[in-house]
Amino acid sequence: MIQDIVKQIEPLPPKTKLIVFGGGYSGQRIASVGRYLGATVLCSRREKGSKGADFIFNTDKALPNEIFEGATHVLSCIPPLLNGKDPVLSTLKTQLLNSKHLKWVGYLSTTGVYGDTKGAWVNENTSPNPQQERSIRRFACEKEWLETKLPIQILRLPGIYGPGRSAFENLLNGTTKMIDKPGQVFSRIHVDDIAGAVSFLINLYSQGNNPSIVNIADNLPTNNLEVIAFAAKIAKKSLPSTLSFDIAKETMSPMALSFWQENRKVDNELLCKKLGYSLIFPDFKSGLKNCYSKLKINT
Ligand SMILES: NC(=O)c1ccc[n+]([C@@H]2O[C@H](COP(=O)([O-])OP(=O)(O)OC[C@H]3O[C@@H](n4cnc5c(N)ncnc54)[C@H](OP(=O)(O)O)[C@@H]3O)[C@@H](O)[C@H]2O)c1
């Protein structure tokens with residue numbers, strides 16, 4: 001419920017107008033929470049008629065100036081282009097720089113920029129060491145945003161999950177793979193905590209508490225087998241047999257393989273202890289229970 005997200009967050013400043021570039025899974029949830037907290041929110045998608053599309057942005061042309069009129073906050077949820085450039089800055093940098101009322105600009109990045117730490121913790125002071133092509137592109141986009149000198153905040157996210165995007169979907173359609181790679185963990189974040197943290201950070205920023213990079217992750221990096229087993233228990237589904245990573249990797253897509261090749265734990269101390277954000281779903285167990293309750297409502 002959106003009320004669970006907003007009950008701990010102050011309303012956004014009066015006359016907040018937030019433009020969300022990339023109203024996909026996270027972007028739409030952030031937009032809903034922003035509206036609930038009193039903001040006017042406009043969300044982009046690439047195709048006319050897509051759910052939640054307030055305007056179309058497809059990186060090929062500038063936007064009508066009226067979109068930016070009175071804009072106080074901007075968030076980009078759009079991944080880098082294949083040439084490593086940021087899609088929003090490539091087309092709209094001048095319009096953004098001319099938007100004189102901007103108080104906060106957020107960029108959803110990934111914790112992939114830290115690269116492989118062989119299971120060690122990473123925090124915002126860890127030097128990025130992107131190894132995958134897509135993480136190298138992402139780090140280049142972070143730099144592009146930081147160099148604009150806009151009031152930018154980079155938000156680094158691990159694996160995003162939530163209703164409609166969790167271990168349950170594969171369990172229910174029989175495509176779950178129990179890949180066993182001892183010592184491997186993944187950090188994750190529930191989409192409601194992305195939305196909650198974004199609004200929380202916008203409010204803090206206006207009070208001058210404005211770190212330029214913040215990790216948004218839950219408290220409990222966990223091995224994938226544990227997550228699937230917990231989901232199966234809730235859904236009362238049996239588990240397929242485990243498959244060793246060495247065998248599974250032979251048939252993995254290059255994208256899936258790239259995720260399994262990196263092992264790190266994402267520290268959220270800055271967000272949750274120093275800045276004071278209180279996670280709605282502190283670990284995969286509370287988050288999966290929420291996903292399952294939505295699944296039951298929708299089926
Ligand atoms: N999924 C994860 O686990 C994960 C983990 C860490 C970070 N991230 C990053 O966090 C951000 C949000 O993730 P998400 O999973 O919520 O994203 P998502 O659902 O895939 O949404 C991405 C949005 O960007 C738009 N978009 C993509 N390429 C575009 C382009 N070239 N020009 C204009 N619009 C474009 C999409 O448009 P349409 O709506 O028209 O498709 C969509 O609205 C993304 O940058 C993602 O890469 C994701």
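Counting convention: from 1, in listed order, for ligands and their atoms alike. Sequence positions, counted from 1, serve as the residue numbers for this chain.
For W121 and Y114, the ring centers are positioned 6.0 Å apart or more. Aromatic ring centroids of F55 and F21 lie under 6.0 Å apart.
Ring pair H190/Y161 is perpendicular by interplanar angle, where above 60° counts as perpendicular and below 30° as parallel. Ring-plane geometry between F284 and F230 is classed as perpendicular, the angle between the planes exceeding 60 degrees on a 0 to 90 degree scale with a lower cut at 30.
At the shortest separation from atom 10 (O) of ligand 1 among protein heavy atoms lies L157 CD1, 3.9 Å. Of all protein heavy atoms, the one closest to atom 3 (O) of ligand 1 is I160 N, 2.9 Å. In terms of protein heavy-atom proximity, atom 34 (N) of ligand 1 is closest to I78 CD1, 3.3 Å. Nearest protein neighbour of atom 32 (N) of ligand 1, counting heavy atoms only, is T59 CG2, 3.4 Å. Counting only heavy atoms of the protein, atom 21 (O) of ligand 1 lies nearest to G24 CA, 3.5 Å. Nearest protein heavy-atom neighbour of atom 7 (C) of ligand 1: T110 CG2, 3.3 Å. From the protein, the heavy atom lying nearest to atom 14 (P) of ligand 1 is S26 OG, 3.7 Å. Among protein heavy atoms, the minimum distance from atom 31 (N) of ligand 1 is reached at L81 CD2, 3.8 Å.
A donor-acceptor pair shorter than 3.5 Å cannot be found between the side chains of D180 and S244. Using a 3.5 Å distance cut-off with no hydrogens or angles, the side chains of Q95 and N65 do pair a donor with an acceptor. D116 and N263 are not linked by any side-chain donor-acceptor pair at a separation below 3.5 angstrom, with hydrogens and angles left out of the test.
Proximity to R138 (heavy-atom distance under 4.0 Å) selects the following atoms of ligand 1: 9 (C), 45 (O), 46 (C), 47 (O). Remark: ligand 1 atoms within the under-4.0 Å shell around heavy atoms of G159 are 3 (O). Taking a cut-off of under 4.0 Å to the non-hydrogen atoms of S109, the atoms of ligand 1 that pass are 7 (C).
Nearest to atom 18 (P) of ligand 1 by heavy-atom distance, out of F186, F57, Y25, is Y25. Within the set R156, R46, R29, the minimum heavy-atom distance to atom 41 (O) of ligand 1 is found for R46. Counting only non-hydrogen atoms, the option in R134, R45, R165 that gets closest to atom 39 (O) of ligand 1 is R45.
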Output a table of donor-acceptor pairs, distance under 3.5 Å, between side-chain atoms of residues 76-89 and any protein atom two or more places apart or on a different chain; print 'none' if there are none.
residue : atom : partner : partner atom : Å
S76     : OG   : I78     : N            : 3.3
N83     : OD1  : K85     : N            : 2.8
D86     : OD1  : W145    : NE1          : 3.0
D86     : OD2  : V88     : N            : 2.9
D86     : OD2  : L89     : N            : 2.9
D86     : OD2  : W145    : NE1          : 3.4

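Counting heavy atoms closer than 4.0 Å to ligand 1, residue S50 contributes nothing at all. Residue R188 does not touch ligand 1, judged by heavy-atom distances below 4.0 Å.
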Go through the steps to decide whether L157 and S109 satisfy the test side-chain contact (heavy atoms from CB on, under 4.5 Å), and finish with yes or no.
-> CA-CA 6 Å; L157 311 174; S109 180; over 6 Å; no

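Under the side chain to side chain contact (heavy atoms under 4.5 Å, CB included) test applied with L257, the options Q132, E250, K249 reduce to a single match, K249.
Under the 4.0 angstrom criterion for non-hydrogen atoms, P158 is in contact with ligand 1. Residue C43 places every heavy atom at 4.0 Å or more from ligand 1.
Remark: ligand 1 and C77 share an N or O pair separated by less than 3.5 Å (distance only, no angle test).
S253 meets the side chain to side chain contact (heavy atoms under 4.5 Å, CB included) test with M255, A256; sequence neighbours excluded.
Note that R165 lies in the cation-pi zone of Y25, set by a 6.0 Å cut-off to the ring centre and a 45° limit from the axis.
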